[in-house]
Amino acid sequence: MGRGLLSTAAFDSRVSPWGPALPRAFFDRHASLVAPELLGRVVVHGGVALRLTEVEAYGLPGEDPAAHTYRGMTPRNSVMFGPPGHLYVYFTYGMHFCANLVCLPEGHGSGVLLRGGEIVDGLELARARRGGAVADRELARGPARLAVALGIARAENGRDMIGDVLTGTPPGTIQAGPRTGVATGAETPWRFWIDGDPTVSPYRRHVPRKRT
């Protein structure tokens, strides 16, 4: 890891050690089909490259009560209704950004949450963003940490990621199960991860917040 490939010159997917970029057609499908096929792919952003090890799919308006698009388009989620392959970034818990890749044709509203990954280049930059004294396995273990490591924040909402999601390497065994921490639609097995990978975050059931 941390070979410095991105720091020596402008990144060029044509000479990437992780293969060519995925075409837009790859994302022009339902998120539940795209999500497992993203595992092992490499996402490049902000001078850091990350191999995806954990993702979650979120479905269409009226289909998936856990999706931000469930009740239709709003100013907040409008990017999700845009072209496939764009980045949907949202702010959560008043402190964290999370990143999603938009799926399906324009107007539909479906996407894949990037939940975890292994930093395969730009390791020192990712460490600096995460505060330095962080174990390598923890740098992008969880969606908020992943966004920080890749330098993704509000300004990246709507960014076209075609050219920045690369073929990568085939993963090992893929597991599927319920999504982490969702209050509704928790039974839907649309969380996908590479079995045994140390950068996969632990599963957590949703726990309602108690009013004080």
Honestly curious: do L52 and W193 fall in one hydrophobic cluster under the side-chain, below-4.5 Å linking rule?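 As far as the 4.5 Å side-chain criterion goes, W193 and L52 are not connected within one cluster.
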
What's the spacing between [X] [atom1] and [Y] [atom2] if we round to 0.5 Å?
{"X": "E156", "Y": "Y88", "atom1": "CD", "atom2": "OH", "result": "15.0 Å"}
{"X": "T74", "Y": "M80", "atom1": "OG1", "atom2": "CE", "result": "10.5 Å"}
{"X": "T199", "Y": "L50", "atom1": "OG1", "atom2": "CG", "result": "7.5 Å"}
{"X": "L87", "Y": "I162", "atom1": "CG", "atom2": "CD1", "result": "11.0 Å"}
{"X": "R130", "Y": "L139", "atom1": "CZ", "atom2": "CG", "result": "6.0 Å"}
{"X": "L33", "Y": "L38", "atom1": "CG", "atom2": "CG", "result": "11.5 Å"}

Are the side chains of [Y] and [X] in contact, using a 4.5 Å heavy-atom criterion?
{"X": "H30", "Y": "L60", "result": "yes"}
{"X": "T53", "Y": "R115", "result": "no"}
{"X": "D160", "Y": "H86", "result": "yes"}
{"X": "L146", "Y": "E54", "result": "no"}
{"X": "V34", "Y": "F26", "result": "yes"}
{"X": "T184", "Y": "Y70", "result": "no"}
{"X": "L114", "Y": "L101", "result": "yes"}

Under 3.5 Å, is there a donor-acceptor pair between the side chain of [X] and the main chain of [Y]?
{"X": "R179", "Y": "G185", "result": "yes"}
{"X": "T69", "Y": "G59", "result": "yes"}
{"X": "N157", "Y": "V89", "result": "yes"}
{"X": "T167", "Y": "G19", "result": "no"}
{"X": "R51", "Y": "R41", "result": "no"}
{"X": "R191", "Y": "E56", "result": "no"}
{"X": "S110", "Y": "Y58", "result": "yes"}

Is the number of heavy atoms from other residues, nucleotides or ligands under 6.0 Å of R71 CZ greater than 12?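 Open: at most 12 neighbouring heavy atoms sit under 6.0 Å from CZ of R71.
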
Worked verdict on D164 versus H45 for side chain to side chain contact (heavy atoms under 4.5 Å, CB included): CA-CA 7 Å; D164 297 325; H45 186 274; 5.8 Å; no

What's the shortest heavy-atom distance between [X] and [Y], and which atoms?
{"X": "V48", "Y": "G122", "result": "CG2-O, 3.6 Å"}
{"X": "L113", "Y": "P143", "result": "CD1-CB, 4.1 Å"}
{"X": "T180", "Y": "Y203", "result": "OG1-CD1, 3.8 Å"}

Start with the C-alpha gap between R159 and I152, add the side-chain angles, then the distance that decides, and say whether side chain to side chain contact (heavy atoms under 4.5 Å, CB included) holds. CA-CA 10 Å; R159 176 189 174 99; I152 294 173; over 6 Å; no

Step by step, work out the side chain to side chain contact (heavy atoms under 4.5 Å, CB included) result for V134 and R145. CA-CA 11 Å; V134 178; R145 294 173 178 179; over 6 Å; no

Quick one: do D197 and R137 make a salt bridge, cutoff under 4.0 Å?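 Looking at R137 together with D197, the answer is no, because their closest N to O distance does not fall below 4.0 Å.
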
Applying salt bridge (charged side-chain N to carboxylate O under 4.0 Å, His left out), name anything that partners R141, two or more places apart in sequence or on another chain.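 Residues passing salt bridge (charged side-chain N to carboxylate O under 4.0 Å, His left out) with R141: E138.
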
